[in-house]
Amino acid sequence: MGMRALERLERSPAAKAALALAVFCLIVGSWTAYRHYRESSVTLPGKRANAGPCALWFVGSSSIHRWSSLDKDMAPWVALNHGIDNAAYADILPRFANSAKEAKPAAIILYAGENDIARELPVRATVRNLAQFLELRSEMMGDVPVLVLSMKPSPGRWSNFKAQQLFNAAAQRLTPRMREAYYVDITTPLLTNGRTGDNYRGDGVHMNPAGYRIWANAVRKRLHEILPAAKLQLCERARRG
């Protein structure tokens with residue numbers, strides 16, 4: 001997608017409306033949602049406790065869950081896979097609320113919402129769910145950074161791409177307004193001349209190893225932009241030592 005097209009999308013009424021609704025819902029409903037999620041007992045899959053200050057939580061749907069090379073791709077970081085296969089935000093939010101009290105990672109990398117849109121949840125509701133996740137993080141973990149990955153284009157869900165673009169534009173506008181939230185563009189590097197490349201498995205939805213390397217490079221670059229130099233040096237030495 002070209003820069004002019006992205007700029008037009010960011011100014012679109014739908015994206016602005018989604019962002020406005022998300023902020024409004026944070027004001028009136030975040031604490032209620034927080035208490036509701038804490039009442040359930042489910043937690044995120046995967047190890048969380050005692051992972052140390054250099055751990056990265058990768059949270060989200062099957063695109064995270066199926067990232068089998070995550071630890072290798074993200075070395076020297078301690079990359080913990082908390083993905084839930086076939087998950088929507090309704091599956092992720094209660095599990096995150098009950099897991100966040102157990103440990104405090106260096107950062108959280110979030111990929112979620114693609115299944116919500118595939119199941120025809122409106123974009124504005126999906127953005128609201130993102131906002132609730134970020135607010136839950138603030139309530140339970142304070143200033144732990146969250147890297148929000150853009151929705152990936154995929155040949156198997158190309159009919160959803162327009163809605164995904166609206167979500168991406170709204171997420172890009174929302175994250176600077178939230179504490180320690182950062183947008184990561186994985187959409188652009190997955191496109192060649194406006195179309196998907198050869199970075200997908202046979203199902204046309206999930207990443208193959210080449211696609212995940214693109215994700216890892218984007219995440220690594222953003223971490224180096226947002227984390228203090230001392231933290232970066234500490235974690236690189238700790239893993240390599």
Side-chain angles (χ1 to χ4, degrees), residues 1-30 33 59-64 83 86-93 96 108-137 146-179 181-197 199-200 204-207 211 214-215 218-219 222:
M1 181 170 56
M3 289 300 296
R4 291 184 179 178
L6 180 58
E7 290 171 358
R8 288 196 300 270
L9 187 60
E10 289 177 346
R11 294 194 298 266
S12 69
K16 290 181 179 179
L19 174 59
L21 180 60
V23 173
F24 172 77
C25 289
L26 279 180
I27 295 171
V28 300
S30 60
V59 177
S61 56
S62 54
S63 290
I64 297 293
N86 202 36
Y89 266 109
D91 306 299
I92 295 166
L93 284 166
F96 176 72
I108 297 168
I109 293 83
L110 174 68
Y111 184 82
E114 181 181 343
N115 289 329
D116 299 69
I117 287 179
R119 296 167 191 171
E120 300 184 350
L121 188 73
V123 172
R124 63 182 180 274
T126 308
V127 176
R128 181 180 64 205
N129 287 334
L130 167 61
Q132 288 187 346
F133 181 95
L134 295 173
E135 185 65 12
L136 278 170
R137 178 285 320 260
V146 178
L147 276 61
V148 179
L149 305 187
S150 65
M151 283 192 191
K152 61 177 171 59
S154 57
R157 288 179 170 173
W158 190 250
S159 61
N160 295 333
F161 187 49
K162 189 171 183 179
Q164 291 176 342
Q165 287 177 300
L166 289 172
F167 173 88
N168 289 345
Q172 194 169 12
R173 295 170 66 89
L174 173 66
T175 48
R177 304 186 184 195
M178 304 294 292
R179 185 167 61 177
Y182 304 91
Y183 181 81
V184 181
D185 178 18
I186 61 168
T187 305
T188 302
L190 288 171
L191 292 172
T192 302
N193 297 323
R195 304 296 296 181
T196 55
N199 300 304
Y200 302 83
V205 174
H206 298 98
M207 297 287 94
I214 291 173
W215 285 38
V219 170
R222 201 72 169 108

Determine, stepwise, if the pair L190 / M207 fulfils side-chain contact (heavy atoms from CB on, under 4.5 Å).
-> CA-CA 10 Å; L190 288 171; M207 297 287 94; 4.1 Å; yes
In short, S154 meets G204 closest at the heavy-atom pair CB-O, 3.4 Å
What pair of heavy atoms forms the shortest contact from P153 to F161, and how long is it?
-> CB-CE1, 3.7 Å
Pairing residues for N115 by the side-chain hydrogen bond (donor to acceptor under 3.5 Å, both in side chains) criterion, not counting sequence neighbours = R157
Donor-acceptor contact present, side-chain S150 to main-chain I186, <3.5 Å | yes
Those residues that, when tested against S62, pass side-chain hydrogen bond (donor to acceptor under 3.5 Å, both in side chains) (two or more places apart) = H206
Output for pair (L134 CG, N129 CG), nearest 0.5 Å, gives 11.0 Å
CG of L166 to CE of M151, rounded to nearest 0.5 Å, is 10.5 Å
Just how far is it from atom CG of D116 to atom OG1 of T126, taken to the nearest 0.5 Å?
-> 5.0 Å
Could you tell me which non-hydrogen atom of V205 sits nearest to which non-hydrogen atom of Y200, and how far apart they are?
-> O-CD2, 3.9 Å
Counterpart residues, side chain to side chain contact (heavy atoms under 4.5 Å, CB included), relative to N193 (two or more places apart) | none
Under the ring pair (Phe, Tyr, Trp, His ring centres under 6.0 Å) rule, collect the residues that match up with F167, sequence neighbours excluded.
-> none
Which pair of heavy atoms, one from A131 and one from M178, lies closest together, and at what distance?
-> O-CE, 4.1 Å
Could you note down all residue pairs passing ring-ring contact (aromatic ring centres under 6.0 Å, His included) where residues 111-132 supplies at least one of them, sequence neighbours left out?
-> Y111-W215
Nearest 0.5 Å please: distance from the NZ atom of K152 over to the CG atom of L191.
-> 12.0 Å
First locate atom OG1 of T187, then atom CD1 of I214, and finally report the distance between them rounded to the nearest 0.5 Å.
-> 11.5 Å
Set of residues satisfying side chain to side chain contact (heavy atoms under 4.5 Å, CB included) with respect to A112, sequence neighbours excluded | Y89, I92, L110
Write down the atom of A170, the atom of V127, and the distance for their closest heavy-atom approach.
-> CB-CG2, 3.8 Å
Can you find a heavy atom in the side chain of V148 that is under 4.5 Å from one in the side chain of F133?
-> no
Could you pull out the closest heavy-atom pair between L149 and V219, with the gap in Å?
-> CD2-CG2, 3.9 Å
Passes side-chain contact (heavy atoms from CB on, under 4.5 Å), R195 versus W158? Steps please.
-> CA-CA 9 Å; R195 304 296 296 181; W158 190 250; 2.9 Å; yes
Do the side chain of R137 and the main chain of R179 share a donor and acceptor less than 3.5 angstrom apart?
-> yes
What's the spacing between I109 CD1 and R222 CZ if we round to 0.5 Å?
-> 12.0 Å
